[in-house]
Novice: 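The structure's right below; bear with me while I get my questions together.
Small disclaimer: the values here were computed from a predicted structure and weren't measured.
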Amino acid sequence: MAPNVVLATGGYASDWSLGSYLEKYPPKLTGMPATADEFSTDDDITLGISIGAGLVDMEKVQVHPTVWVNPSDPSNPGKVLAGEPMHDVDSMLIDCDGKRFCNKLGPRAYITDKMFSQNPLYAETKKWNETNKDPTFSLVLSSLAAANANKHVDHYLNKGLLMKIDGVNALEKVNESAHVYCEISTTRIS
């Protein structure tokens with residue numbers, strides 16, 4: 001018999017029910033959308049505990065700063081992860097005023113904190129109020145950056161999660177609508 005066994009269960013990020021592990025361990029994240037699918041509940045963790053398993057680092061929940069919001073279903077708590085190639089290319093992460101607010105190449109925790117800090121209450125308390133509207137931002141790629149992330153750009157365009165616009169002037173209109181949808185835009189900067 002092995003002295004230790006690791007039970008990798010897939011997490012619990014999609015269990016928003018009362019008394020869930022999400023509510024218990026990182027309560028500040030209760031009500032946040034998740035990129036984990038519906039399978040990511042705490043069923044396997046509960047099963048493990050029932051046979052004597054211990055828990056380690058349950059409060060260590062990663063928040064990925066950039067997810068796609070489906071414009072046809074913006075309130076759905078399940079989101080699509082914006083893949084790393086969308087960050088690796090020469091893109092800009094901007095707020096609803098069209099301003100850069102962080103170094104997008106920083107660690108995820110730093111970027112997430114800067115995003116949440118756009119909300120004055122969070123900026124002061126570092127606690128997320130689940131009644132807050134989820135903050136929305138734009139990830140802007142130049143035509144060269146979009147070409148470098150070609151397969152990913154095409155994939156997200158086909159899913160309707162990415163919008164191509166032409167010219168810097170059109171970007172202003174996208175930012176206005178970013179209050180409603182997290183519009184991820186491709187623009188040609190001349």
Side-chain angles (χ1 to χ4, degrees), residues 11-14 16 22-23 25-36 40 57-71 73-146 148-149 152-153 156 159 161-165 168 170-187 189:
Y12 55 90
S14 290
W16 294 284
L22 189 60
E23 183 181 67
Y25 290 102
K28 68 181 183 177
L29 300 179
T30 302
M32 289 295 296
T35 57
S40 183
D57 295 332
M58 291 292 284
E59 72 285 355
K60 305 242 189 265
V61 174
Q62 176 178 277
V63 176
H64 199 286
T66 49
V67 298
W68 304 98
V69 177
N70 186 339
D73 192 11
S75 62
N76 187 331
K79 305 297 182 205
V80 176
L81 183 71
E84 296 301 330
M86 300 303 289
H87 300 279
D88 294 343
V89 297
D90 187 21
S91 60
M92 293 185 296
L93 190 57
I94 59 175
D95 64 16
C96 62
D97 295 320
K99 296 181 178 152
R100 287 182 172 179
F101 58 93
C102 70
N103 175 354
K104 73 166 182 70
L105 296 177
R108 290 178 183 164
Y110 157 81
I111 297 170
T112 302
D113 181 65
K114 292 294 188 182
M115 289 174 135
F116 286 171
S117 291
Q118 301 291 309
N119 176 285
L121 180 63
Y122 179 88
E124 184 180 322
T125 65
K126 296 298 182 195
K127 292 182 181 173
W128 184 252
N129 180 339
E130 66 182 85
T131 62
N132 290 342
K133 182 181 174 198
D134 294 335
T136 56
F137 304 89
S138 294
L139 184 64
V140 181
L141 289 79
S142 67
S143 55
L144 178 60
N148 288 337
H152 296 276
V153 167
Y156 295 129
K159 286 188 159 283
L161 302 172
L162 182 69
M163 179 176 42
K164 180 178 180 177
I165 61 171
V168 175
L171 183 59
E172 185 175 300
K173 293 176 184 157
V174 172
N175 269 343
E176 290 170 7
S177 64
H179 292 289
V180 178
Y181 301 120
C182 184
E183 304 267 76
I184 310 298
S185 310
T186 304
T187 185
I189 299 176

Novice: Quick one: pull up CG in Leu141 and CG in Asn148 and give me the separation to the nearest 0.5 Å.
Specialist: 9.5 Å
Novice: Indicate yes or no for a side-chain donor-acceptor contact from Asn119 to the backbone of Tyr122 under 3.5 Å, with no hydrogens or angles considered.
Specialist: yes
Novice: Mind checking whether Leu162 and Val153 have side chains closer than 4.5 Å, heavy atoms only?
Specialist: yes
Novice: Any chance you could measure Asp95, atom CG, to Arg100, atom CZ, to the nearest 0.5 Å?
Specialist: 12.0 Å
Novice: Could you pull out the closest heavy-atom pair between Leu93 and Phe137, with the gap in Å?
Specialist: CD1-CB, 4.3 Å
Novice: State, to 0.1 Å, how close Ala123 and Ser117 come at their nearest heavy-atom pair, and which atoms those are.
Specialist: CB-O, 3.5 Å
Novice: Is the ring pair Trp68/Tyr156 parallel, tilted or perpendicular, if the boundaries are 30 and 60 degrees?
Specialist: tilted
Novice: Might you confirm whether atom NZ of Lys104 has over 12 heavy atoms from other residues, nucleotides or ligands at distances under 6.0 Å?
Specialist: yes
Novice: Quick check: closest heavy atoms across Cys102 and Ile111, and the distance to 0.1 Å?
Specialist: SG-CG2, 4.1 Å
Novice: If I compare all heavy atoms of Thr66 with all of Leu81, which pair ends up nearest, and what's the gap?
Specialist: O-CD1, 4.1 Å
Novice: Restricting to non-hydrogen atoms, name the atom on Ala13 and the atom on Ser40 that form the minimum distance, rounded to 0.1 Å.
Specialist: N-OG, 3.3 Å
Novice: Atom CZ of Phe101 and atom CE of Met115: how far apart are they, to the nearest 0.5 Å?
Specialist: 4.5 Å
Novice: Has Lys126 got more than 12 heavy atoms of other residues, nucleotides or ligands less than 6.0 Å from its NZ?
Specialist: yes
